[in-house]
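Read the structure below first, then the notes.
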Amino acid sequence: MENTITVSVTVNGTPYQRSVDPRTLLSDFLRNDLELTGTHVGCEHGVCGACTVLLDGEAVRSCLLFAPQVDGHEIITVEGLGTLDNLHPLQEAFREAHALQCGFCTPGILTTLVPYLEENPNPTEEEIREAISGNLCRCTGYQHIIDAVKLAAEKTDP
Amino acid sequence: MKPAPFEYYAPTSVSEVLELLNEHGYDAKILAGGQSLIPMMNFRLVQPAVLVDINKIPNLSYIKTHENGIRLGAMVRHTQAERDSLIKERVPLLHETMPQIATIQIRNRGTIGGSLAHADASAELVAVTTALEARFKIQNLEGERWVPASEFFVGLLMTSLEPEDMLVEIEIPDLPARSGWSLKEVARRPHDFALIGVAAVLTLDKKDRCQSAKLVYLSAGDGPLVAEEAAVLLQGQKISEDLIIAAAEKAATEEIDPGNDIHATADFRRHLANVLTRRALAEAYQRAKGGK
Ligand SMILES: Cc1cc2nc3c(=O)[nH]c(=O)nc-3n(C[C@H](O)[C@H](O)[C@H](O)COP(=O)(O)OP(=O)(O)OC[C@H]3O[C@@H](n4cnc5c(N)ncnc54)[C@H](O)[C@@H]3O)c2cc1C
Ligand code: FES
Ligand code: FES
């Protein structure tokens, strides 16, 4: 028999309530149940970083959480960082510096870096590389990503 | 890659956890940070019928002083320990260890209790708690017991925890005066599991001779690997460069038992262990002489 559980969670400021099978991964919950497909799924075992979201403000792997675990909590996905007309400064910088090619890794990198830059507004290149060491990008060679982070840091904290 | 179905419980007290574990035995698993368990469930390497989520229990993430040391609740997360000022002051080896564990997204969820209960031989905390002679408080419906690290880790991903047991607290004693410490490891990418690593703790006597030495390796066997013969070489002696070289050689060639895999050969791991041990001992010695 299907055992289901009710999850109430705020995602990008909007409250949702859904009934789910407890084994539903948060990544699948966001993509399939809430139709927020900005969060990507690569490896489903914590290595690639594509599924990174913010749980109560902290970057976490959404493939390593079950949906019932976020009951009563607050999630921010890439869709919640900015709007189409008003991108987050880090998103602006990614566009300006060509920091994405296929874009598969981008949501996870943005959600990892947003809290990081709040705590470390002026990181060195080495620090930036370390901050995204849990996010794999197969296209860019990381160079333009680093440039974009520096650009965003300069713009927000001149 | 999706986990098999399970029944989910999120109790709010330790006693409820113990009841559930008692009732379901081998069918149940505790879910702490989930950063080791959920990958294994996604691969269906483990398929617990019952999952007991302990994240909703209040008061399992404290860090406090206790007599001659500190005590940590099992649910202290890796990033919490990394940022804690009491740990920085009282257990600097642990403070230095935390950022080396996994990437930030994993450290934001992973817990100290979970890492110890998982008992991966490549986990930094397994080696470091062994080097620091930590003790673990374990509870079940019958009562509680304290188990020293040296008896807690019993083999490949194995601990002395029984299915009805919960690890609730970790105690780390202060090091004696004139002690020094070091953790050195090599990983392919920063924060990845280390190919090999070593935690060293040295204590000097009044005449600057080595009173006690502890070398514990990670990724060098089925569990935390303690190099006992190398420690015997150091004991009672004045630390010199030659002695450090001899101890490192002994541990790396005769005592550790690293594996071969796609990331490195056993020989390469031995070579790394040799170099890292020299560096770790030199650093621990400097710190011990500095009076810390
Ligand atoms: C990509 C990746 C890289 C990583 N790199 C590293 C690394 O470099 N070094 C490192 O040390 N770790 C690494 N980890 C593992 C990480 O540190 C885990 O957080 C940790 O090993 C397990 O802690 P957890 O709280 O997530 O435990 P969980 O995954 O929740 O549980 C692990 C096991 O312990 C049991 N358990 C948990 N808590 C208790 C308790 N209180 N009492 C009894 N049993 C309990 C569970 O039932 C389960 O069997 C990595 C993980 C990933 C996914
Ligand atoms: S999909 Fe979650 S880390 Fe790869
Ligand atoms: S832009 Fe394609 S994976 Fe990073």
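Quick caveat, the model's predicted, so the values are computed rather than measured. Lettering of chains follows the sequences in order, A, B, ..., and the numbering in each one begins at 1.
- Ring orientation note: the planes of B:F268 and B:H271 are close to parallel, at an angle under 30° on the 30°/60° scale.
- Looking at B:M40, there are no atoms closer than 4.5 Å to chain A (heavy atoms on both sides), in backbone or side chain.
- Classified by interplanar angle (parallel below 30°, tilted 30° to 60°, perpendicular above 60°), the ring pair B:F136/B:F153 is perpendicular.
- Screening A:L36, A:I75, A:T112 for a side chain to side chain contact (heavy atoms under 4.5 Å, CB included) with A:V53, the sole residue that qualifies is A:I75.
- Of the listed residues (B:D53, B:I104, B:L51), the greatest number of heavy-atom pairs within a distance under 4.5 Å of chain A belongs to B:D53.
- Residue A:S133 touches chain B through both its backbone and its side chain, counting heavy-atom pairs closer than 4.5 Å.
- Results of the side chain to side chain contact (heavy atoms under 4.5 Å, CB included) test with B:N140 over B:D165, B:L21, B:N22, B:L161 single out B:D165 as the only residue that passes.
- Most heavy-atom pairs under 4.5 Å with chain A, from the set B:R189, B:H191, B:E7: that is B:H191.
- Taking 4.0 Å as the cut-off between side-chain N and carboxylate O, B:R90 and B:D84 do not count as a salt-bridged pair.
- For A:L64, the parts lying near chain B are the backbone and the side chain together; criterion is any non-hydrogen pair under 4.5 Å.
- Comparing B:A10, B:A4, B:G34 by how many heavy-atom pairs each has under 4.5 Å with chain A, the most go to B:A4.
- Donor-acceptor pairing under 3.5 Å is lacking for the side chains of B:H95 and B:E89.
- With a threshold of 4.5 angstrom between heavy atoms, B:N108 approaches chain A through its backbone and through its side chain.
- Looking at B:A102, there are no atoms closer than 4.5 Å to chain A (heavy atoms on both sides), in backbone or side chain.
- Neither the backbone nor the side chain of B:L37 comes within contact range of chain A, judged by heavy atoms closer than 4.5 Å.
- A:K155 and A:E92 are not joined by a salt bridge, as no carboxylate oxygen comes within less than 4.0 angstrom of a charged side-chain nitrogen.
- For the set A:G46, A:A59, A:G49, the entry with the most heavy-atom pairs within less than 4.5 Å of chain B is A:A59.
- When the options A:E126, A:E125, A:E127 are evaluated for a side-chain hydrogen bond (donor to acceptor under 3.5 Å, both in side chains) with A:R129, the one that passes is A:E125.
- With a threshold of 4.5 angstrom between heavy atoms, A:I132 does not approach chain B through any atom at all.
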